[in-house]
Amino acid sequence: MNYAPPPAIRINLRPASFADLDLLRHWDEQPHVVNSDPNDDWGWEVELHRAPEWREQLIAEIDGRPLGFIQIIDPAHEDSHYWGDVTANLRAIDIWIGEKTDLGKGYGTQMMRLALAQCFADPQVTAILIDPLASNTRVHRFYERFGFKFIEYRRFGDDECFVYCLSRADWHGGRCRTGG
């Protein structure tokens with residue numbers, strides 16, 4: 001019997017728009033999304049109309065079907081100063097799959113690869129930050145498989161988080177730092 005590998009997952013990213021409002025609200029109500037980000041109100045009605053230079057909000061699609069969301073920010077310029085005082089030339093990523101039925105199929109891995117490539121396409125970007133909940137050990141392993149290194153425990157509002165970093169050098173070995 002000959003083994004044929006599964007076809008490559010073909011996910012593309014497109015800018016999120018106000019037309020995605022109902023979809024994003026729906027995803028925000030899904031238990032697996034709530035569990036990963038229980039205290040955030042994304043304010044989609046306002047945020048989908050904004051296009052600050054320091055942020056990209058992207059919808060991941062497979063065969064034209066919306067699959068998940070990725071936000072890439074420059075934490076040094078982000079207007080809420082969520083990350084505090086950070087070094088220049090960093091990016092921070094938020095990422096999730098919208099529907100539970102799409103979990104465990106490799107889509108998150110492909111989405112993350114696309115997000116990392118997008119971040120590091122800018123030669124000035126030195127590292128990428130993420131801040132999963134401290135209690136979400138499954139996602140810690142997911143990020144660690146990409147080379148993210150645990151940096152510190154931090155409290156962001158009501159959320160207890162682990163800060164992880166993937167430096168350009170960590171993509172090939174190295175370190176990065178954040179400030180609180």
Any R138 side-chain heavy atom under 4.5 Å of N136 side chain: yes

task: Answer yes or no: is there a side-chain heavy-atom contact under 4.5 Å between R55 and E47?
output: yes

Donor-acceptor pairs are to be reported for all side-chain atoms of residues 58-71 against protein atoms at under 3.5 Å, with residues two or more places apart or in another chain.
from, atom 1, to, atom 2, distance (Å)
E61, OE2, R14, NE, 2.7
R65, NH1, D102, OD2, 2.9
R65, NH2, D102, OD1, 3.2
Q71, OE1, Q57, NE2, 3.0
Q71, NE2, D94, OD2, 3.1

- Item | Linked, directly or transitively: V46 and L24 (ILVMFWY side chains, under 4.5 Å) | no

Check: Y82/D131 side-chain N/O donor and acceptor closer than 3.5 Å: yes

**Study point:** Non-hydrogen side-chain atoms of I95 and M112 separated by less than 4.5 Å
**Key:** yes

- Task: Could you check if a side-chain atom of L166 sits within less than 4.5 angstrom of a side-chain atom of K149, using non-hydrogen atoms only?
- Result: no

_Criterion side-chain contact (heavy atoms from CB on, under 4.5 Å) on V163 and W83, from CA distance to verdict_ = CA-CA 10 Å; V163 174; W83 285 94; 3.9 Å; yes

Sequence neighbours excluded, the answer for side chain to side chain donor-acceptor pair (under 3.5 Å) partners of W96 is none

Quick one, I97 and M111 - any side-chain contact, counting heavy atoms below 4.5 Å? yes

Sorted by chain and number, sequence neighbours left out, side-chain contact (heavy atoms from CB on, under 4.5 Å) with H81 holds for none

By salt bridge (Lys or Arg N to Asp or Glu O under 4.0 Å), E160 pairs with (sequence neighbours left out) R155

Here the ring pair (Phe, Tyr, Trp, His ring centres under 6.0 Å) pairs for residues 108-138, sequence neighbours left out, are F120-W171

Heavy-atom closest pair (I151 atom, C165 atom, distance to 0.1 Å) is CG1-CB, 3.6 Å

Would you say that D159 contacts R154 through its side chain, given a criterion of any heavy-atom pair below 4.5 Å between the two side chains? no

A side-chain contact here means heavy atoms from C-beta on lying under 4.5 Å apart; do I93 and C119 qualify? yes

Residue set satisfying side chain to side chain donor-acceptor pair (under 3.5 Å) with H32, at least two apart, ordered chain then number -> none

Going by distance alone, is a donor N or O of one side chain under 3.5 Å from an acceptor N or O of the other, for T126 and Q124? no

Stepwise, does the side-chain contact (heavy atoms from CB on, under 4.5 Å) test hold for D20 with W27? CA-CA 11 Å; D20 297 307; W27 285 349; over 6 Å; no

For R141, the side chain to side chain donor-acceptor pair (under 3.5 Å) test, sequence neighbours excluded, returns none

CZ of R91 to CD1 of I72, rounded to nearest 0.5 Å, is 9.0 Å

Note to self: I'd like to know whether the aromatic ring centres of Y164 and F148 sit less than 6.0 Å apart in this structure.
What the structure shows: no

Taken in chain and number order and not counting sequence neighbours, the residues that satisfy ring pair (Phe, Tyr, Trp, His ring centres under 6.0 Å) with F162 are H140, F150

_Donor-acceptor under 3.5 Å (Q30 side chain, H26 main chain)_ = yes

Residues passing the side-chain contact (heavy atoms from CB on, under 4.5 Å) test with L21, sequence neighbours excluded, are F18, R25, W44, E45, L48

Correct closest heavy-atom pair for I73 and P75 would be O-CD, 3.3 Å

Hits for side-chain contact (heavy atoms from CB on, under 4.5 Å) against T109, two or more places apart or cross-chain, chain-then-number order -> R113, F142, F146

With sequence neighbours left out, the residues meeting salt bridge (Lys or Arg N to Asp or Glu O under 4.0 Å) with E56 are none

Inset, instruction - For D28 and V33, run side-chain contact (heavy atoms from CB on, under 4.5 Å): C-alpha distance rounded to whole Å, both residues' side-chain angles, the deciding distance at 0.1 Å, then the answer. - result: CA-CA 6 Å; D28 271 354; V33 175; 4.2 Å; yes

The side chain to side chain donor-acceptor pair (under 3.5 Å) partners of T101 (sequence neighbours excluded) come to none

